[in-house]
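Take a look at the structure below.
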Amino acid sequence: MIKAQRGTKDILPSDILTWQEIENKARNLFQNANYKEIRTPIFESTDLFKRGVGDSTDIVNKEMYTFNVGGGDTSITLRPENTAGVVRSYIEHGMDKLPTPVKLWYFGPMFRYERPQAGRQRQFHQIGLELFGIPDASADAEVIILAAEFLKANGIGNLVVSLNSLGCPDCRNKYKEKIKAAIKPYLENLCDDCKVRFEKNPLRMLDCKNEDCKKIFEKEEIKKVINDDFICEDCKNHFEELKKYLDKVGIKYEIDKMLVRGLDYYTRTVFEIKSTALGAQSAVLGGGRYDGLVEMLGGKPTPAVGFALGAERLFSLIEKKEEDKLDYFVVSKFQDVAIKTVFELRQKGYSADFDMLGRKFAKQLERAGKVAKKAVIIGEDELEKGFYTVKNLESGVQEKVSSL
RNA sequence: GCGGGCAUCGCCAAGCGGUUAAGGCCUCGGAUUGUGGUUCCGAUAUGCGUGGGUUCGAAUCCCACUGUCCGCCCCA
């Protein structure tokens with residue numbers, strides 16, 4: 001038997017209403033906020049992700065589905081995330097000529113070759129949005145507010161946003177050097193991963209889960225450097241402004257100096273929303289500002305901010321939507337009459353179905369009782385005298401009507 | 001890439017070396033040739049993830065593989 005590939009899942013009819021509900025809520029909320037939906041291709045040039053997501057990230061280094069096509073001279077990759085693709089589209093279609101800001105949202109499958117576990121699949125879905133052209137913290141605030149609103153709309157209450165600022169490239173580089181200087185004496189005691197990170201991407205050391213590394217970062221002298229406000233005046237003001245906006249709207253947040261996201265393109269604001277109900281993969285949603293990405297991918301310098309949300313993780317947190325019963329189930333041994341009646345009911349906008357196997361009366365009614373609110377009964381009497389018997393299947397009350 | 005648990009019908013699940021592999025749900029048929037959601041009866045795994053092995057005998061023990069779940073890493 002051929003089975004679904006490892007790390008992929010069928011979304012079955014029993015779950016589809018809940019999925020549709022998630023998508024509907026995103027569509028309503030984001031379109032109300034003047035975001036337009038964009039659908040970009042599932043695969044892109046491998047180069048886009050190498051440059052966009054970053055060569056030093058795990059995503060690019062070991063998790064991409066990459067193929068050589070066209071006789072081996074074209075390398076394509078199944079998108080592991082969608083920001084790079086949306087930015088590519090933004091540049092390619094000259095969206096910088098559109099009124100500022102340009103606000104886009106998306107929903108679709110992403111692909112990462114990882115070991116599946118709770119809350120992690122190889123094909124998974126993300127809902128996200130991107131806002132282009134606004135350097136002011138009001139843009140960061142809007143994006144975070146929409147993220148919180150969206151979760152709230154899905155019944156996730158009491159959420160707290162983890163917030164941090166990574167600074168701009170300038171202050172971040174200075175910060176990196178300071179951290180490296182502080183940690184250097186302990187370099188030998190770090191885990192192997194952190195030794196590599198020390199050179200390639202020192203900030204990601206702070207995310208390390210290794211107990212020995214954690215202990216080192218807990219040391220007073222190092223903690224002081226980490227917690228030191230390294231960011232420049234402009235970045236600091238930007239961050240303060242953002243907090244002010246969030247306070248004004250009443251969004252709860254906590255500053256997490258350790259929050260360092262794993263994609264290279266983030267600048268200044270980064271944020272994450274977690275749930276303890278999810279197990280090890282606790283992040284439901286993550287995002288931040290990426291002021292350098294558009295330029296890095298060949299566009300004009302354009303500030304931007306966005307987030308992405310793991311739809312499967314959200315799905316596991318929310319109450320499942322039950323299927324509604326049909327308005328009518330037509331019960332009759334005359335199949336031609338049944339099919340015509342069902343057709344007419346549907347034309348009037350009712351949901352309706354009938355028995356296609358010519359089962360006997362009791363069985364048809366049994367089915368009706370399971371799937372519908374009302375049964376329309378059409379037998380010899382009804383046919384002859386030209387009326388319908390409508391039975392309310394919840395109350396058992398039955399009445400004769402001349403039309404439906 | 002590295003640890004640990006688990007794998008019996010569409011779903012849940014008993015079985016723990018010995019003749020025909022419980023049970024429940026769902027599905028299908030009947031009791032009941034026009035009144036269901038209550039009840040009763042019947043049907044549905046020659047097979048227990050796959051391949052080897054141990055044994056007179058294996059779903060039950062051993063090995064390998066595969067899958068899945070949980071964790072590490074990383075991320076949504």
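Below, read A as the first sequence line, B as the second, and so on, with proteins coming before strands; counting in each chain starts at 1.
If you check every strand for non-hydrogen atoms under 4.0 Å, A:Gly379 touches a base. Within the nucleic acid shown, A:Gly396 comes within 4.0 Å of at least one base atom, counting heavy atoms only. Looking at heavy-atom distances under 4.0 Å, A:Lys274 makes no contact with the nucleic acid at all. Using a 4.0 Å heavy-atom cutoff across all strands shown, A:Ala118 reaches sugar-phosphate atoms only and no base atom. The residue A:Gly119 sits close to a base: some heavy atom pair falls under 4.0 Å. Using a 4.0 Å heavy-atom distance criterion, A:Glu394 is classed as a base contact. At a threshold of 4.0 angstrom between heavy atoms, the contacts of A:Glu272 with the nucleic acid are absent. At the heavy-atom level, A:Glu81 lies nowhere under 4.0 Å from the strands shown.
Between B:C65 and B:G3, the two P atoms lie 12 Å apart (nearest whole Å). Nucleotides B:G23 and B:C6 place their C1' atoms 22 Å apart, quoted to the nearest Å. As rounded to the nearest Å, B:G67 and B:U20 have P atoms that lie 34 Å from one another. Comparing B:U38 with B:A58, their C1' atoms are spaced 44 Å from each other, to the whole Å. Taking atom P on both nucleotides, B:A45 is separated from B:G10 by 11 Å, rounded to a whole Å. B:A22 and B:G15 have their C1' atoms separated by 8 Å, with the value rounded to a whole Å. A gap of 15 Å separates the C1' atoms of B:U50 and B:U8, to the nearest Å. Here the separation of B:C25 from B:G5, taken at their P atoms, is 35 Å to the nearest Å.
Distance A:Leu393 CG to B:G34 C1': 15 Å, rounded to the nearest Å. Atom CG of A:Asn392 and atom P of B:U35 are 19 Å apart (whole Å). Computed from coordinates, the A:Lys385 NZ to B:G34 C1' distance equals 13 Å when rounded to whole Å. Across the protein-nucleic acid pair, A:Arg367 atom CZ and B:C26 atom C1' stand 10 Å apart, rounded to whole Å. At whole-Å resolution of the value, CD in A:Glu366 and P in B:U38 are 8 Å apart. Computed from coordinates, the A:Ile378 CD1 to B:U35 P distance equals 17 Å when rounded to whole Å. Put simply, CD on A:Gln117 is 15 Å from P on B:G1, counting in whole angstrom units. The separation between A:Arg115 atom CZ and B:C70 atom C1' is 10 Å, rounded to whole Å.
The local environment of OH in A:Tyr113 is sparse, with at most 12 non-hydrogen atoms from other residues, nucleotides or ligands closer than 6.0 Å.
Looking at A:Arg79, its side chain does come within 3.5 Å of a backbone N or O of A:Pro109 through a donor-acceptor pair. Panel note: side chain A:Lys252, backbone A:Asp247; no donor-acceptor pair is recorded below 3.5 Å. In terms of modelled atom types and a separation under 3.5 Å, the side chain of A:Ser162 and the main chain of A:Asp256 share no donor-acceptor contact. Here the side chain of A:Asn154 pairs no donor or acceptor atom with the backbone of A:Ile156 at under 3.5 angstrom. At least one donor-acceptor pair closer than 3.5 Å links the side chain of A:Ser332 to the backbone N or O of A:Ile378.
Of the nucleotides present, none pairs with B:G37 by Watson-Crick or G-U wobble criteria with both distances under 3.5 Å. A 3.5 Å limit on both hydrogen-bonding distances identifies no Watson-Crick or G-U partner for B:U32. Using N1 to N3 plus N6-O4 or O6-N4 for Watson-Crick, or N1-O2 and O6-N3 for G-U wobble, each under 3.5 Å, B:C48 pairs with nothing. Remark: B:A43 base-pairs with B:U27. Criterion, Watson-Crick or G-U wobble with two distances under 3.5 Å. Pairing partner, B:U68: B:G5, with both Watson-Crick or wobble hydrogen-bond distances short of 3.5 Å. Base pairing of B:U20: no nucleotide in any strand meets the Watson-Crick or G-U wobble criterion (both distances under 3.5 Å).
The ring of A:Tyr90 has its center closer than 6.0 angstrom to the ring center of A:Phe132.
The side chain of A:Lys363 has B:G30 as its nearest neighbour among B:G34, B:G4, B:G30. Nearest nucleotide to the A:Thr389 side chain, out of B:C69, B:C72, B:U35: B:U35. Listed nucleotides: B:G36, B:C28, B:G4. Nearest to the side chain of A:Arg359: B:C28. In the set B:U35, B:U68, B:G71, B:U35 carries the atom at the smallest distance from any side-chain atom of A:Ile377. Of the listed nucleotides (B:G67, B:G71, B:G36), B:G67 has the atom at the smallest distance from the side chain of A:Arg6.
Judged by distance alone with a 3.5 Å cut-off, no donor-acceptor contact links the side chain of A:Glu63 to the base of B:G1. Residue side chain A:Lys360 does not reach the base of B:U33 through any donor-acceptor N/O pair under 3.5 Å, judged by distance alone. In the interface, the side chain of A:Gln364 is not paired with the base of B:U35 through any donor and acceptor atom under 3.5 Å apart.
By the 30° and 60° cut-offs, the orientation of the rings of A:Phe30 relative to A:Phe150 is tilted.
Look at A:Lys325 and you won't find any side-chain N or O under 4.0 angstrom from OP1 or OP2 of B:G37.
Ion pair A:Lys103/A:Glu142 flagged as a salt bridge, since at least one NZ, NE, NH1 or NH2 atom sits closer than 4.0 Å to an Asp/Glu carboxylate oxygen.
Taking for each of A:Leu309 and A:Lys370 the nucleotide of RNA chain B with the nearest heavy atom, the 5'-most of the two is the partner of A:Lys370. Mapped onto RNA chain B by nearest heavy atom, A:Tyr113 and A:Asp381 fall at different nucleotides, with A:Tyr113 at the one closer to the 5' end.
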